[in-house]
A.B. asks: 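Take this structure first; my questions come after.
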Amino acid sequence: MMKFSLPGVHVPHRKHTASSVGERIPTPQTVTIPTAMHIGKPARLLVKVGDTVFVGTKIAEADGAVSSVIHASVSGTVTKIYDMLQSNGRTVPAAVITSDGNMTPDPSLAPRTVSSREELIAAIRESGVVGLGGAGFPTHVKFSVPEDAIEELVINGAECEPYITSDTVTMLTRADEMAYAISQLRTYYQIKRVVIGIEKNKPEAIASMQKMAASLEGVEVKVLPSLYPQGGEKVLVYHTVGKVIPMGKLPLDVGCVVVNVTTLAAIGRYLMTGMPLVEKCLTVDGGAVKKPQNVIAPIGTPLSEVFAFCEGFSSEPAKLLYGGPMMGVALSDMSAPVLKNTNAILALTAKEAKLPKTTACIRCGACTNHCPFGLNPAALERAYERRDAEALDSLCVTLCMECGCCSFNCPANRPLVQTHKLAKVFLRDAKSKEAKS
Amino acid sequence: MSQLHVSASPHIHSGNSTSGIMRDVLIALLPTTLAGVIIFGWRALLVLLVSVGSAVGFEALWQWLLKKDQTITDLSAAVTGLLLGLNLPANIPLWQVVIGNLFAIIVVKCLFGGLGCNLVNPAITGRVFMLVSFGSLVKNAFPVGVDATTSATPLGTLAAGGTVSYADLFLGNVGGAIGETCKLALLIGFVYLLVRRVITWHLPVVFIASSFVLTFLFNGFDLNAAALMTLSGGLFIGAIFMATDYVTSPATAWGKVVFAVGAALITVMVRLWGNYPEGVSYGILLMNILTPYIETWTRHKRFGEVKKA
């Protein structure tokens, strides 16, 4: 069992929106749905300009094993298909749907009853659900395993990033869908334990999940310390079931599958109602937002409309983020759409977004002493600066989950995790060059 | 539409800063500074002012001459100057103080690339440089009102078979460098650094405790003598403020322990069998040089690390 808890950092909580359960925004006029909102190959579009679609109509098919199905999030007409530049620099086809304002559900949608593990996996695939905690890994792939492969199902309700409360909303309002998904999964897999991990700064969510757990057998709630990053997959597995995932391995290698609470609820909703993943509850916050709150928006809604629903900006936003401030992605454009894995959008003021000046490393050790995985970010930075692939490899740069604890705490504000990202790419290139020669 | 700033995560920062850490060290040294001035008089204050002023001045001059960004606002030069001053006797000629800081700042720190790049602690090395250059430094400094001609530093007295009272040792009413005699003030600074989480307990506690144990073992199993020697000289200021310098000590807890035991061993050996009254300085200086290796030996275990075949 677990002996020590892993290091981490005390980030500010800023959970201002914790009591906002999520209001549905008015139907946007158009939605823009890219074919890549998941890790893996972009989906293959099934629609063309002029096609009529309903809420939940499948508009793109998963292309290959690691890919995901995509559905229309409004009813209306496909008016444009174009190559869209995404925030990660990738250009993928995207479909623009002009809403008819009716939000008519697809008539073919019906509760999905399954009678075997294969049917359950197929259903999860058809639900279009991907890792909604942020990673966007297609969920059906995690479950495409033999029935005895999963010993523990670890449910991630840690929500350790500042500001974000959308998973809290899920835990408060969608316990029934989560419970249904858990019972279906337990029917077709020999799962011994189900553990829901939640940071202790969310007492209401903990109470709601404990209530749900009491109604199900073999489900327990594990209260985690409020120490970022409890929601990191390896950190969560270690702190909930006490298993160490070896370097370079997946949770499944130690008999665990980790799913986020909202991912689980989305599976439950699809099985119960047949409605696939077409809308997201997201936290809209940050100092520049006039009315911070949780909202429910169709996937593909332009962020500008979501902000407009929150009464716009009280001051000029200097930085716009998908996700939380520790791992979120900065956006250059207010018209970017809500994605499947968008759990928050933050508009930070210039003051909030201002980072201290970078100065010389004073070798204080704050980076290595706060790294959950015991890496030495300062040494990694020096190794990358001299482009030393061998040193990067022996310092295990690939183990870095990019949680940002090192950079957050660095008194010299060195761009440590930022360098790790570059170093990983550099190491990969160096290794492939070596393999070729 | 305004310009949106785009950068890689993380997008927030803890607010920790180098200058904040250095400011905390300066604050932690305040009780010791005050005690030094009370014990050794106004000449001590003059030495400290000259020391801090010349340290900051030399760094400013260096950065200006090399047309580099000014770095004195990170306060690290001020810390070096104050520490070096506290390690000097109150009656030292002021020109020697300036030369010592020239060596500490320019040779030890700036020539190696400035803050974070120096291999050894500038203040310690400055003190050792001054000892080697200007002869016996410390043995001529005595508290105000004590007759310098008939007294010696406690280590000198002990070596000569004499005895010193615990109260005098603890409160600093003995001969020595300005900042090294008052253990009470140094401990107050230590507690402040712990509370502010600037340092951890490992290095100072292990350094002082092992010095005590080793003195006891090597010096005829005499508890009283071991305790007196531990309370004497520069052990406390060295263990609390000099050995814990981030740049030149290991970052990991186990590394700090190894560093501390090694420094204690050298300190005790120099004190018992050496010719110089400089055990602590040499202990720290030699362990500074070993720090990169200690860090490698004691690095954290990586999560899920598998032994490579």
A.B. asks: Specify which of Ala251(B), Gly114(B), Gly113(B), Ser14(B) makes the most heavy-atom pairs with chain A at under 4.5 Å.
C.D. replies: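 Winner by heavy-atom pair count: Ser14(B).
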A.B. asks: Looking just at side-chain N and O atoms, do Lys357(A) and Ser17(B) make a donor-acceptor pair shorter than 3.5 Å?
C.D. replies: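 No donor-acceptor contact under 3.5 Å links the two side chains.
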A.B. asks: Taking side chain as everything from C-beta outward and backbone as N, CA, C, O, which of these in Leu395(A) sits under 4.5 Å from a heavy atom of chain B? Side chain, backbone, both or neither.
C.D. replies: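 Both parts, backbone and side chain.
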A.B. asks: How about Phe303(B) and Lys234(A): do any of their side-chain heavy atoms sit closer than 4.5 Å?
C.D. replies: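 The answer is yes, as the side chains (C-beta and beyond) meet within the 4.5 Å cut-off.
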A.B. asks: Taking side chain as C-beta onward, heavy atoms only, is Pro10(B) less than 4.5 Å from Gln418(A)?
C.D. replies: yes
A.B. asks: Can you tell me if CZ on Arg90(A) sees more than 12 non-hydrogen neighbours from other groups inside 6.0 Å?
C.D. replies: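 Correct, the count exceeds 12.
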A.B. asks: Tell me whether the count of non-hydrogen atoms from other residues, nucleotides or ligands lying under 6.0 Å of CZ in Arg196(B) goes above 12.
C.D. replies: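 Incorrect, the count does not exceed 12.
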A.B. asks: Please look at Leu320(A) and chain B and tell me whether the side chain, the backbone, both or neither of the residue comes under 4.5 angstrom of a heavy atom of that chain.
C.D. replies: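 Looking at Leu320(A), backbone and side chain both touch chain B.
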A.B. asks: Report the option among Gly248(A), Pro411(A), Ala412(A) that has the most heavy-atom pairs separated by less than 4.5 Å from atoms of chain B.
C.D. replies: Pro411(A)
A.B. asks: Kindly indicate whether the side chain of Arg302(B), heavy atoms from C-beta on, has any atom under 4.5 Å from the side chain of Cys371(A).
C.D. replies: no
A.B. asks: First locate atom CE of Met326(A), then atom CD1 of Ile12(B), and finally report the distance between them rounded to the nearest 0.5 Å.
C.D. replies: 5.5 Å
A.B. asks: Less than 4.5 Å to any heavy atom of chain B: does that hold for the side chain of Val417(A), its backbone, both, or neither?
C.D. replies: side chain
A.B. asks: So does Asn409(A) get a backbone contact from the side chain of Asn16(B), meaning a donor-acceptor N/O pair under 3.5 Å?
C.D. replies: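 Looks like yes, one N/O pair under 3.5 Å.
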A.B. asks: Picking from Ile245(A), Leu346(A), Asn376(A), Val11(A), which has the most non-hydrogen pairs under 4.5 angstrom with chain B?
C.D. replies: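 Sorted descending by pairs with chain B, the first entry is Ile245(A).
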A.B. asks: Check the pair His300(B) / Asn369(A) against side chain to side chain donor-acceptor pair (under 3.5 Å), numbers first and verdict last.
C.D. replies: CA-CA 8 Å; His300(B) 294 298; Asn369(A) 289 329; 2.8 Å; yes
A.B. asks: Using a 4.5 Å cut-off on heavy atoms from C-beta on, say whether the side chain of His13(B) contacts that of Pro325(A).
C.D. replies: no
A.B. asks: I'd like to know whether CD of Glu385(A) has more than 12 heavy-atom contacts from other residues, nucleotides or ligands below 6.0 angstrom.
C.D. replies: yes
A.B. asks: So, do Leu321(A) and His11(B) sit near enough that their side-chain heavy atoms are less than 4.5 Å apart?
C.D. replies: yes
A.B. asks: Please classify the contact between Thr359(A) and chain B as side chain, backbone, both or neither, with a heavy-atom cut-off of under 4.5 Å.
C.D. replies: side chain
A.B. asks: Go through the atoms of Arg299(B) and report whether side chain, backbone, both or neither lie under 4.5 Å from a heavy atom of chain A.
C.D. replies: neither
A.B. asks: Do the side chains of Ile362(A) and Leu115(B) get nearer than 4.5 Å, heavy atoms only?
C.D. replies: yes
A.B. asks: Is Cys364(A) close to chain B through its backbone or its side chain, or both, or neither, when contacts mean heavy atoms under 4.5 Å?
C.D. replies: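 For Cys364(A), the contact with chain B is made by backbone and side chain together.
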A.B. asks: Where do Gln3(B) and Ser332(A) land on the side chain to side chain contact (heavy atoms under 4.5 Å, CB included) test, with the steps shown first?
C.D. replies: CA-CA 8 Å; Gln3(B) 294 263 307; Ser332(A) 59; over 6 Å; no
A.B. asks: Would you give the length of the straight line joining atom CZ of Arg363(A) to atom OG1 of Thr248(B), rounded to the nearest 0.5 angstrom?
C.D. replies: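 The distance works out to 10.0 Å.
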A.B. asks: Flag the one option from Gly404(A), Gly365(A), Gly328(A) with the top tally of heavy-atom pairs under 4.5 Å to chain B.
C.D. replies: Gly328(A)
A.B. asks: What part of Pro415(A) gets closer than 4.5 Å to chain B, counting heavy atoms only: side chain, backbone, both or neither?
C.D. replies: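 It is neither, since no heavy atom gets under 4.5 Å.
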A.B. asks: For Ile21(B), which atoms come within 4.5 Å of any heavy atom of chain A: side chain, backbone, both, or neither?
C.D. replies: side chain
